[in-house]
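Comments concern the structure below.
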Amino acid sequence: MLEWLGALCIVILVVFIWPGSKYFATDSHPNALLQGLGMSQQATKDKTGRCVPDREWSDGAQTASVGAGTGEEARTVALICKPSALANYLLKHCMTFSNFSPCVGWTWRASAFLQSVYEVCWQYDSPVQFVRDNLQLSDDGLVALDWAVPSYQKRRRTSSHSTSPILLIIPNSFGKITRNVLKLCETALSHGYLPAVFNRRSHNGTPLTTLKLQQFGDPADLREAVRYIRYRQPAGRLYAVSESTGSGLLLSYLGECGSSSYMTAAVCLSPVFRCQSWFENGLCWPLQWALVLYQKICLSRYKTVLGETIQTDTLFSSCSLRGLEESLFCQVGHVDSAAPTGTTSSCSSNTSGAWDAYWERNEPLRDVDEVAIPVLSVCAQDDPVRGDTQSTVPLELFETNPHFFLLLSDRGGHCGFSTQSEGSATGAFGVSSAAAPNSGIGSRGTNWSHKALLEFFRATTDFFTAEDRAKQLAARRRGLGGGAGGRAFRHRSVSTCKRMPACSHNIHAIYNWQRSYTR
């Protein structure tokens, strides 16, 4: 604990020593990319004076720029995606996308670096508590699901017959439960969701019962956890949210599972897309030093048992994130989870080919073409962790793949997105604290990115429901009702009315994989 506190003090000290214009300048903001995409800086107004998005179409991609705030200068939030019916629906019904008013002036919340550090390190007095389910996997390993419940709730378990939607939250790959995750659980509870936080092996107090740690982009453990959730809550829709480097695991899962992911929609908050380059290039040394120290502290608990499969001296002497990752998964003698039993991985810390082979199996976007649900990525241009937007965000993915949507703001930091109204007495979407008496749920300001993702889930669900109704109505008009007064239906063969085999996880009721929203 003292080491972590000392790391925080050093990070803050370095920030004040470094040139203030790098992290504290608020007179200018990075709109060069938005201007390069051909988007306006102001939102137009309709006859009622309400801001509406300006849309522009170029090279088959849709980019929408919406202004937020009522000050002298309207901030810009861009929705970058391929033209589709769902994209048009989101622009029309997701008003939160245009209501981002970041902090300006000489306040610490205006600094992308400080608000990012604040969200990671500062404690948060959350009004929710967690009920843990330890899941034993097929190889006898353990992962944990922490179900968030209000502290005032007497009944600690949720009925399996509940139809409430489930929100699966995947924290960062280091296992740190941040303020962002806790506030997201609080906001999700206030909107009727059942939040569940996925903890990897050895993360957040989960016992390490095997010699295997989860690789960066290996979704095998997450797949078993999702199956358990579908078994426990078969009637509720499943949504997923990932934070920071945890997005690598979510994107890997969606790519490998495709239309069998059991999820309706997903959101990545401040994701890291090109993870191999991110590990190789590294962060600014205060951030990297703090993350390396935190990971070493977490792994030191298992130093003895890990010594049976890896070289712990090399592991704990590493000074970079890449060095730690190579020591854990790319050493001679390390057992590769993807290799047959009894064989060892070809990884070697002395060859660059081993490092490249590791990322061929773990790069989050390796199977991106197989993703079959809408995925929203919320990013900020001044993200100090991800790096430069043009080199770290695959804009071509959002411009060509109809399943991916990028909500790009000029400010927000890394999982920060602090607003001028944050911390007010009103709760999510303007709900007063009186909405949940004696609970504290929804009584504080809600993060803008959390409002945006919940509105994205609502809009996509409403859009799919409307499409289902339209398809059913069209089917009735074509053959089941008809101008013959229904006689055509009575003379049809019995096979026309046969029901499809029921899915064990009710997947067809959760998501229709033949939807035409990508048109």
Kindly write out the residues that satisfy salt bridge (charged side-chain N to carboxylate O under 4.0 Å, His left out) with [X], not counting sequence neighbours, or none if the list is empty.
X      : value
Arg201 : Asp139, Asp221
Asp462 : Arg458
Arg200 : none

Do [X] and [Y] have side-chain atoms, one donor and one acceptor, less than 3.5 Å apart?
X      : Y      : result
Asn180 : Asn447 : no
Tyr89  : Glu467 : no
Tyr239 : Thr461 : yes

Quick one: [atom1] on [X] to [atom2] on [Y], what's the gap to the nearest 0.5 Å?
X      : Y      : atom1 : atom2 : value
Asn204 : Phe174 : CG    : CZ    : 15.5 Å
Phe97  : Leu90  : CZ    : CG    : 5.5 Å
Phe329 : Leu213 : CZ    : CG    : 5.0 Å
Leu142 : Gln136 : CG    : CD    : 6.0 Å
Ser320 : Leu291 : OG    : CG    : 11.5 Å
Ser244 : Lys176 : OG    : NZ    : 13.0 Å

Worksheet item: How are the rings of Phe398 and Phe404 set relative to one another: parallel (under 30°), tilted (30 to 60°) or perpendicular (over 60°)?
Response: perpendicular
Item to complete: Quick one: sort the Phe279 and Phe216 rings into parallel, tilted or perpendicular, breaks at 30° and 60°.
Response: perpendicular
Worksheet item: Under the 3.5 angstrom rule, does the side chain of Arg230 hit a backbone N or O of Ala225 as a donor-acceptor pair?
Response: no
Worksheet item: Got a donor-acceptor contact below 3.5 angstrom from the Glu455 side chain to the Ala459 backbone?
Response: no
Worksheet item: When Leu406 is tested against each of Leu79, Leu376, Val375, Leu395 for side-chain contact (heavy atoms from CB on, under 4.5 Å), which residue passes?
Response: Leu395
Worksheet, complete the sentence: Nearest heavy-atom approach of Leu283 to Val385 is CD2-O, 3.1 Å
